[in-house]
Amino acid sequence: MQFEGAMLEYRLQKDKDKFEPIYYYTNIDLSQILTRRECEFFIKEGKTYQQLSSAIEDELFVIYVKIYEETPIEINEPLYEGIKLEFRELNAYKNYPLIKFEYMTNHLDILSIIGSIYTYIEDKEWERDSAEIDEDRGVYVLYVKPTGYTRVT
């Protein structure tokens, strides 16, 4: 198998064993596919999908999803150089407050962070809960919760 210029398809669960294609991407970089597979949630056109599983069929990568919730579409943010990653506290009561954000140069940089269980922000340790790709806003989001540990430098 060769994955240069790979293809990705999102399939929506209709019944227990029935899925229908809903989004298709051609000539997509493998690092972006792997980063998307690491995300438990996918937002597009005001719908939040939850990942059920993933597969590979020859050179086609497949992510199986179900509808998690529907919300109003958020407006795309202005584009800057790089790929935006937001760090948000997993706290629904506070509307998932933004801890910080940064711009990465490529999807492997994003994957290296969202694929880790623990991360440090200003010397405080945070534990990963989940990640999402929000195509409506053009951003990856990592949801974390504080562990209470502070790194001594």
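Scope of the values below: all heavy atoms of this structure, side chains included, with no hydrogens, waters or symmetry mates.
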Verdict with supporting geometry, Leu111 and Ser31, side chain to side chain contact (heavy atoms under 4.5 Å, CB included): CA-CA 8 Å; Leu111 181 60; Ser31 64; over 6 Å; no
Report the hydrophobic cluster partners of Leu60, with the cluster defined as I, L, V, M, F, W, Y residues connected by side-chain heavy atoms closer than 4.5 angstrom, directly or transitively. Met7, Phe19, Tyr24, Leu52, Val62, Tyr64
Hydrophobic cluster mates of Tyr120, side-chain heavy atoms under 4.5 angstrom, ILVMFWY only, any path? Tyr149
Please identify each residue that fulfils ring pair (Phe, Tyr, Trp, His ring centres under 6.0 Å) with Phe42, with sequence neighbours left out. Tyr10, Tyr23, Tyr49
Residue pair Lys44, Ile22: steps toward the side chain to side chain contact (heavy atoms under 4.5 Å, CB included) verdict: CA-CA 11 Å; Lys44 187 169 179 129; Ile22 53 172; over 6 Å; no
Any sub-3.5 Å donor-acceptor pair from Glu127's side-chain atoms to Tyr118's backbone N or O? no
Are any of the side-chain nitrogens in Glu135 or Arg36 under 4.0 Å away from the carboxylate oxygens of its partner? yes
Of all residues at least two apart in sequence or in a different chain, which pass the side chain to side chain contact (heavy atoms under 4.5 Å, CB included) check with Glu89? Asn91, Pro97, Ile99, Trp126, Pro146
Arg88: side-chain hydrogen bond (donor to acceptor under 3.5 Å, both in side chains) partners, not counting sequence neighbours: Glu86
For Ile114 and Cys39, which heavy atoms make the closest approach, and how far apart are they? CD1-SG, 3.9 Å
Looking at residues at least two apart in the chain, or sitting in another chain, which of them share a side-chain hydrogen bond (donor to acceptor under 3.5 Å, both in side chains) with Gln13? none
Of all the heavy-atom pairs spanning Leu142 and Arg128, show the shortest one and how long it is. CD1-CG, 3.7 Å
